[in-house]
Amino acid sequence: MACIQSGAPYILLNVKAPGSCLDLSGGDNRSIIGYPPHNGPNQQWRFERLENGNYLIQSVGTGLYLRIDGEPANDVRVVAGRDRYEWYVKDEPSTPGSIRIYVPGRYINIDLSDHGNPDPGTPIALWDQWEPGQNQLWRLQQV
């Protein structure tokens, strides 16, 4: 399992588009997008490990949680909200040093949309895991 320190801030860099990281949009403080890393608090995330092994992922800048609205399905957007949401985080053995972030109990994970489009503002959504799916893999960079 990835060596995640609970409470420590991380930036999540996309493996396919390393010039893109998980970003809480300053435009609406709700949308999660891919954006070039600048180490701002809206790109920093705290992982809190729960007793069941899942994680809460919280924005350092706003205190909002990484979550979805509604039921998990392909192309459902990942957003930030006040309600806690659990994620299952797993190392990806095919790409050392990378993780996948899943909806617990499902084969659906966080994906940089449009097959890893590196353009700033590309939505982050859920999608069924596929191989090699490097746009679904993330590297943790501790801040």
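- Contact of the Leu12 side chain with the Arg139 side chain is not registered, since no non-hydrogen atoms from C-beta on lie closer than 4.5 Å.
- Across Ser20 and Tyr35, no two heavy atoms sit closer than the pair OG-N, 3.4 Å.
- One hydrophobic cluster, built from ILVMFWY side chains closer than 4.5 Å, holds both Leu24 and Leu66.
- Identified under the side chain to side chain donor-acceptor pair (under 3.5 Å) test for residues 108-119, with sequence neighbours left out: Arg100-Asn109, Asn109-Gln136, Asp111-Asn135, Asp111-Gln136, Asp114-Asn117.
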Item to check | Criterion side-chain contact (heavy atoms from CB on, under 4.5 Å) on Ile57 and Tyr65, from CA distance to verdict | outcome: CA-CA 6 Å; Ile57 304 174; Tyr65 292 95; over 6 Å; no

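- Taken together through direct or relayed side-chain contacts under 4.5 Å among Ile, Leu, Val, Met, Phe, Trp and Tyr, Val60 and Trp45 form parts of separate hydrophobic clusters.
- Counting all heavy atoms, side chain and backbone alike, Gly63 lies closest to Gln58 at O-NE2, 2.8 Å.
- Remark: Asp128 engages Asn74 in a side chain to side chain donor-acceptor pair (under 3.5 Å) (not counting sequence neighbours).
- Using a 4.5 Å heavy-atom cutoff, the side chains of Pro120 and Pro36 are in contact.
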Item to check | Full working for side-chain contact (heavy atoms from CB on, under 4.5 Å) between Ile101 and Tyr88 | outcome: CA-CA 6 Å; Ile101 304 172; Tyr88 174 67; over 6 Å; no

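- With sequence neighbours excluded, the residues forming a side-chain contact (heavy atoms from CB on, under 4.5 Å) with Ala8 are Gln5, Tyr10, Gln142, listed by chain and number.
- Scanning all heavy atoms of the two residues, the minimum distance from Lys90 to Tyr102 falls at CB-CE1, 4.0 Å.
- Under the 3.5 Å distance criterion, the side-chain polar atoms of Ser59 are matched with a main-chain donor or acceptor of Thr62.
- Grouping the Ile, Leu, Val, Met, Phe, Trp and Tyr side chains by contacts below 4.5 angstrom, directly or via other members, places Ile33 apart from Leu137.
- Ring centroids of Trp87 and Tyr85 are separated by less than 6.0 Å, placing the two rings close together.
- Remark: the backbone N or O of Thr95 is paired with a side-chain donor or acceptor of Ser98 at under 3.5 angstrom.
- Atom OH of Tyr55 is separated from atom CD of Glu86 by 12.5 Å, given to the nearest 0.5 angstrom.
- Residues Leu112 and Val103 share a single hydrophobic cluster, defined by chaining ILVMFWY side chains whose heavy atoms lie under 4.5 Å apart.
- Hydrophobic cluster membership is shared by Ile110 and Ile108, with clusters built from Ile, Leu, Val, Met, Phe, Trp and Tyr side chains linked at under 4.5 angstrom.
- Scanning both residues, Leu13 and Pro18, for their nearest heavy atoms gives CD2-O, 3.8 Å.
- A heavy-atom distance below 4.5 Å is found between the side chains of Asn14 and Trp138.
- For the atom pair CD1 of Ile4 and CD of Glu48, the computed distance is 12.5 Å after rounding to the nearest 0.5 Å.
- Side-chain contact between Ile11 and Cys21 is present, with at least one heavy-atom pair separated by less than 4.5 Å.
- In this structure, the side chains of Ser31 and Arg77 stay at 4.5 Å or more apart for every pair of heavy atoms.
- Between Gln44 and Arg46 the shortest side-chain heavy-atom distance does not fall below 4.5 Å.
- For the pair Asn52 (side chain) and Asn54 (backbone), a donor-acceptor distance under 3.5 Å is present.
- The backbone N or O of Gly34 lies less than 3.5 Å from no partner atom in the side chain of Asp23, so there is not a single donor-acceptor pair.
- Residue Glu131 places its CD atom among more than 12 non-hydrogen atoms of other residues, nucleotides or ligands, all under 6.0 Å distant.
- The closest side-chain heavy-atom distance from Arg67 to Val79 is below 4.5 Å.
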